[in-house]
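First the proteins, then the strands, lettered A, B, ... as listed; each starts at 1.
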There are 2 protein chains.
Amino acid sequence: MSESNAPSRTAHKGGNGRAQRDAYDLPRVLEIAVTAFNEHGYDATSMGNLADRLGTSKSAIYYHVAGKEDLLRLALERAIGELEKVLDEPGAKSGSAAERLRFVLSGAVRVLVDDLPFVTLLLRVRGNSDIERSALERRRRFDHAISRLVDEARDEGSLRADVDAAVTTRLLFGMINSIVEWYKPGGSITREQLTEDVLTVAFDGLTKR
Amino acid sequence: MSESNAPSRTAHKGGNGRAQRDAYDLPRVLEIAVTAFNEHGYDATSMGNLADRLGTSKSAIYYHVAGKEDLLRLALERAIGELEKVLDEPGAKSGSAAERLRFVLSGAVRVLVDDLPFVTLLLRVRGNSDIERSALERRRRFDHAISRLVDEARDEGSLRADVDAAVTTRLLFGMINSIVEWYKPGGSITREQLTEDVLTVAFDGLTKR
DNA sequence: TATTCTTTACTGAACGATCGGTAAGTTAGC
DNA sequence: GCTAACTTACCGATCGTTCAGTAAAGAATA
């Protein structure tokens with residue numbers, strides 16, 4: 001692969017360096033689209049709007065993607081895909097339920113931070129189309145897997161049993177998912193520090209001991 | 001356009017006054033609108049859509065409200081107004097910082113539950129228009145007031161100091177605000193039980209002691 | 001090397017559908 | 001008859017999408 005080229009040109013994909021007047025390849029289009037969707041909402045973002053941000057025309061976008069919904073599909077797939085991977089990692093499968101829960105929650109925070117705009121979009125989806133409903137269904141399954149871990153950790157005696165288990169899980173999710181609303185990567189708080197803080201507050205609470 | 005509500009024309013049915021072929025008064029229109037906005041998003045909800053839900057025509061809605069944005073304005077005003085009231089109650093002004101914090105958080109949960117659809121809409125606003133930005137600004141001020149309470153409770157020695165104060169506050173908000181995404185009034189969990197669970201998890205964490 | 005063909009990556013204009021909103025006429029109850 | 005509460009018909013703007021055309025560059029042919 002040739003990497004000595006000017007960055008504004010030839011962002012070629014596979015084996016051959018073809019003609020490319022500008023670098024509007026799919027990853028770039030997707031990145032701009034996800035940013036715009038998060039800023040103004042999916043419905044409020046028009047294809048003309050995206051074209052302006054890309055410095056190109058509306059119809060040029062259609063060379064790279066099938067349509068507006070396709071951009072949403074690709075973005076949601078990326079987000080939910082990365083989250084699902086966490087459940088397949090070894091740390092999510094061995095150890096006590098409490099250990100596995102901590103591992104999965106850490107992994108979720110990691111994905112939230114590393115793919116922040118994509119996960120942000122996923123968490124705002126309300127099920128308006130088949131694509132959104134499909135992403136929502138996969139998210140529901142992911143949530144359910146963590147919910148089972150909470151139940152197990154409870155049965156183990158690791159977690160408190162005086163609060164409804166379902167409520168506990170929901171509040172836990174609420175806390176973690178809210179990260180996308182305020183966390184700025186590259187700021188003063190590192191990803192690792194954030195993960196530690198989240199687990200501390202979640203498991204030990206706000207009260208001083 | 002005047003800031004105040006109370007349009008002198010709306011003949012409310014309370015004292016039984018004017019002709020009313022159907023019960024499409026402002027509160028009913030607003031209720032249907034907020035429900036629709038929450039289900040499909042503000043942008044994805046058309047005036048025609050609202051008219052169908054009301055069993056009337058699009059233009060009939062314009063007799064009761066100035067336009068689509070006006071519906072949003074009224075809904076957001078109600079939500080943020082109720083939240084702001086909590087800060088003015090006596091319990092929010094006397095006692096230790098920890099006590100005031102618990103009072104305000106309880107109050108926030110109470111408003112969230114009692115005006116669930118309105119607060120849901122408020123929490124989903126992203127600042128796309130002047131109206132949204134104005135609501136967002138008031139919400140930011142409300143959040144900041146609670147943030148100061150957390151700082152005070154910390155200085156008092158009531159709250160832990162080993163986690164960043166700003167992060168603590170954000171996670172606390174994330175947890176509480178997430179309620180609008182899953183709580184169903186009239187279900188098995190009462191408002192009071194929910195409030196208690198939230199405070200327990202927030203202050204004491206998930207771990208069994 | 002010179003010419004032609006093919007593919008890539010667009011441009012610009014236009015499409016039908018739908019949007020929020022309005023104008024003007026109509027009906028029900030006092 | 002007056003007015004509140006509509007209805008029907010329509011407006012211009014904008015939406016996502018399509019389509020014919022085309023410039024640029026590599027590949028094939030001579």
Side-chain angles (χ1 to χ4, degrees), chain A residues 2 5-6 8-30 32-33 36-37 40-74 128-132, chain B residues 1 6-30 32-33 36-37 40-74 128-132:
Chain A
S2 57
N5 272 326
S8 62
R9 278 190 180 272
T10 63
H12 62 86
K13 17 200 153 180
N16 203 0
R18 278 265 159 209
Q20 212 150 353
R21 299 215 266 284
D22 266 300
Y24 307 139
D25 55 352
L26 202 147
R28 170 124 185 88
V29 172
L30 189 56
I32 298 279
F37 291 164
H40 305 109
Y42 174 75
D43 288 294
T45 306
S46 70
M47 292 298 275
N49 211 313
L50 291 182
D52 287 347
R53 285 184 184 232
L54 283 159
T56 184
S57 64
K58 259 198 311 182
S59 48
I61 299 173
Y62 285 86
Y63 180 78
H64 300 285
V65 288
K68 195 187 177 188
E69 276 218 298
D70 205 41
L71 283 167
L72 182 63
R73 210 201 75 240
L74 290 166
N128 264 353
S129 60
D130 283 342
I131 284 165
E132 292 192 9
Chain B
M1 46 181 80
S8 55
R9 42 180 75 260
T10 43
H12 49 75
K13 46 202 172 173
N16 188 21
R18 282 277 151 205
Q20 214 150 348
R21 296 216 268 282
D22 268 300
Y24 310 139
D25 55 351
L26 202 147
R28 170 123 185 89
V29 171
L30 189 57
I32 297 280
F37 291 164
H40 306 108
Y42 175 75
D43 288 293
T45 306
S46 70
M47 293 299 275
N49 210 312
L50 291 182
D52 287 347
R53 285 185 184 232
L54 282 159
T56 184
S57 65
K58 234 178 16 158
S59 46
I61 300 174
Y62 285 88
Y63 180 79
H64 300 285
V65 288
K68 195 187 177 185
E69 275 217 299
D70 204 41
L71 283 167
L72 183 63
R73 208 201 78 239
L74 291 166
N128 265 354
S129 61
D130 284 342
I131 285 165
E132 293 192 8

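If you measure from atom CG of B:L50 to atom P of C:dG21, you get 11 Å, rounded to the nearest angstrom. Between B:H64 atom NE2 and D:dA5 atom C1' there is a gap of 7 Å when expressed in whole angstrom units. Rounded to whole Å, the distance from CG on B:D25 to C1' on D:dC6 is 14 Å.
When the side-chain hydrogen bond (donor to acceptor under 3.5 Å, both in side chains) test is applied to B:S46, no partner is found at least two apart in sequence or on another chain.
In plain terms, the two heavy atoms of A:A44 and B:D43 that are nearest each other are CB-OD2, 3.5 Å. Residues B:L26 and B:H64 come closest through the heavy atom pair CD1-O, 3.4 Å. B:H40 and B:T45 make their closest contact through CB-OG1, 3.9 Å (heavy atoms, listed as atom of the first residue, atom of the second, distance).
No donor-acceptor contact under 3.5 Å links the side chain of B:S59 to the base of C:dG21.
At least one side-chain heavy atom of A:L71 sits less than 4.5 Å from a side-chain heavy atom of A:F37.
With respect to B:D70 and B:R73, a salt bridge is recorded, a charged nitrogen being found less than 4.0 Å from a carboxylate O.
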Sort me out a list of protein N/O and nucleotides 14-16 of chain D N/O pairs below 3.5 Å, or just none if empty.
unit_1	atom_1	unit_2	atom_2	d
D:dG16	OP1	A:T45	O	3.2
D:dG16	OP1	A:K68	NZ	2.8
D:dG16	OP2	A:M47	N	2.8
D:dG16	N7	A:K58	NZ	3.2

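The phosphate of C:dC10 (OP1 or OP2) has no side-chain N or O of A:Y63 nearer than 4.0 angstrom.
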